[in-house]
Amino acid sequence: MEDRSRRSLLYVPASSEPMLRKAGTRGADVLIVDLEDGVLPSAKEAAREQAQRLWHALDFGGAEPWLRVNGAGTPWVYADAEAARQLQPAAVVLPKCEDPGVVETISRRLPDVPLLLMVETAAGVLAAAALARVPGVAGLVFGAADFRASVGARRTPDEEELLVARSTLVIAARAAEIRVFDTPYFDFADTEGLERSARRARTLGFDGKTAIHPAQVAPIHAAFAPTPAEVERARAVLRALEQAARDGRGVAAVDGEMVEPLHAAEARRTLALAADPAATGREP
Ligand code: COA
Ligand code: MG
């Protein structure tokens, strides 16, 4: 998958022509045209046909267009995969992944399209490391609503019930050197809660966060942007390490904390993100 910034990923139900037509104006880095849970079972075929009819006429406005298909084991998955093969979206999102073998079968049907796997059930979280290593998989995506239902968790303001699952996804993705994106925040009227959730996602190591409403795009971008204090510290870290190198030392102190060369890469990434968030993706 191309190296670019993917801070916000907006789900757009394929059943809504008005939402599809204006989706490119919402400022999201990625648009996930959705055939799965954003579409009623009775509307699945019509939504897929609408996506096929409109896809090449839509103005995605510079956003990267992805397609979320229905999950393995549903009656729609193979027709959805066939639509994906024809449309060639920048990536396909496969929901409720649990079994690497099943993912391999679907990946073989879509040899040229990067796959993003949703990990959103207890079995999925336990299989995350193996799922992340299936050939053709470009990233993992967390889904909190299905996850809470799967494990019987309650929703808390600080999302503490999600911490282990979220970190498991980040670790599995990084071990496989692929991307990782966080769950949407479903209470779209609660901007403060969204900001907290997006900051948490960035803190845990996610590359970006999915969204269900256009109003969530700007707060997500703000949360993924380095704060002025982080920028200041990144500069200080680089200065201190350069000085240490000149003095023949491998480590330096910044604000009473030891920093070493591994912190230089993170500091440079912070400065690059601050300079041009839209142009800077995470490596690789
Ligand atoms: N993608 C694109 N456009 C969207 C959108 C989305 N996900 N959600 C809302 N919009 C548009 C609306 O069509 C409206 O457009 P307008 O500017 O032409 O009037 C504008 O944003 C404001 O929407 P608003 O009236 O505040 O929201 P709503 O009450 O119409 O819809 C939801 C609220 C939650 C039903 C809607 O946001 C939605 O369907 N989200 C996607 C849900 C989804 O994909 N779920 C599955 C993934 S978890
Ligand atoms: Mg889901």
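One-based numbering, in listed order, for ligands and for the atoms of each. We number each residue from 1, following the sequence as shown. Quick note: numbers below take in every heavy atom, side chains included, and nothing from hydrogens, waters or symmetry partners.
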Worksheet item: Where's the contact between E36 and ligand 1, heavy-atom distance under 4.0 Å: side chain, backbone, both or neither?
Response: neither
Practice prompt. Could you find the nearest protein heavy atom to atom 3 (N) of ligand 1 and give me its residue, atom name and distance?
Written response: M19 CG, 3.6 Å
Worksheet item: Side-chain heavy atoms under 4.5 angstrom apart, residues restricted to Ile, Leu, Val, Met, Phe, Trp, Tyr: same cluster for V39 and L31?
Response: no
Worksheet entry | Donor-acceptor side-chain pairing of S150 and E120 below 3.5 angstrom | no
Worksheet, complete the sentence: From the list K209, R7, R6, salt bridge (charged side-chain N to carboxylate O under 4.0 Å, His left out) with D29 holds only for R7
Worksheet item: Are any side-chain N or O atoms of R174 and backbone N or O atoms of I178, one a donor and one an acceptor, separated by less than 3.5 Å?
Response: yes
Practice prompt. Report the nearest protein non-hydrogen atom to atom 45 (N) of ligand 1: residue, atom name, distance rounded to 0.1 Å.
Written response: G38 CA, 4.0 Å
Worksheet item: Residues in side chain to side chain donor-acceptor pair (under 3.5 Å) with D99, at least two apart?
Response: none
Item to complete: Could you tell me which atoms of ligand 1, counted from 1 in the order shown, lie closer than 4.0 angstrom to a heavy atom of D34?
Response: 46 (C)
Worksheet item: What is the total of protein N/O/S atoms that are closer to the Mg ion (ligand 2) than 2.8 Å?
Response: 2
Practice prompt. Return a yes/no value for H213: is any of its N or O atoms, backbone included, closer than 3.5 angstrom to an N or O of ligand 1?
Written response: yes
Worksheet entry | Shortest protein heavy-atom distance from atom 11 (C) of ligand 1, along with the residue and atom involved | R26 NH2, 3.4 Å
Worksheet item: Roughly how far, to the nearest 0.5 Å, is the CD1 atom of I106 from the SG atom of C97?
Response: 7.5 Å
Discussion item. Any protein heavy atom at under 4.0 Å, with atom 26 (O) of ligand 1 as the reference point?
Written reply: yes
Worksheet entry | Protein residue, atom and distance nearest to atom 18 (O) of ligand 1, heavy-atom basis | K22 NZ, 2.7 Å
Worksheet item: What protein heavy atom sits nearest atom 29 (O) of ligand 1, and how far off is it?
Response: F188 CZ, 4.7 Å
Practice prompt. State the CD1-CZ distance between I32 and F181, to the nearest 0.5 angstrom.
Written response: 8.5 Å
Practice prompt. Working to the nearest 0.5 Å, report the span between OG1 of T210 and CZ of F142.
Written response: 10.0 Å
Fill in: Protein heavy atom under 4.0 Å of atom 15 (O) of ligand 1
yes
Worksheet item: Looking only at N/O atoms, are P214 and ligand 1 under 3.5 Å apart anywhere?
Response: no
Item to complete: For this output row, return yes or no: ring centroids of W66 and F60 closer than 6.0 angstrom.
Response: no
Worksheet item: To the nearest 0.5 Å, what is the distance between CG (D80) and CG (L35)?
Response: 4.5 Å
Worksheet item: Can you check whether a protein heavy atom sits less than 4.0 angstrom from atom 41 (C) of ligand 1?
Response: yes
Discussion item. Taking 4.0 angstrom as the limit and counting only heavy atoms of R68, give me the atoms of ligand 1 inside it, by number and element.
Written reply: 46 (C), 47 (C)
Worksheet item: Between the side chains of E230 and T270, does any donor sit under 3.5 Å from an acceptor?
Response: no
Item to complete: State whether the shortest distance between N or O atoms of Y11 and N or O atoms of ligand 1 falls below 3.5 angstrom.
Response: yes
Practice prompt. Of the side chain and backbone of E120, name the one, both, or neither that has a heavy atom under 4.0 Å from an atom of ligand 1.
Written response: neither
Response to the item:
Looking only at protein heavy atoms, what sits closest to atom 37 (O) of ligand 1 is I212 O, 3.2 Å
Item to complete: Please lay out, stage by stage, how L54 and R21 fare under the test side-chain contact (heavy atoms from CB on, under 4.5 Å).
Response: CA-CA 9 Å; L54 296 180; R21 288 210 179 274; 3.2 Å; yes
Item to complete: Could you walk me through whether Q216 and S8 pass side chain to side chain donor-acceptor pair (under 3.5 Å), step by step?
Response: CA-CA 8 Å; Q216 296 185 317; S8 60; over 6 Å; no
Item to complete: With rounding to the nearest 0.5 Å, note down the distance linking CG in D37 to CG in N70.
Response: 7.5 Å
Worksheet item: Do any non-hydrogen protein atoms sit less than 4.0 Å from atom 1 (N) of ligand 1?
Response: yes
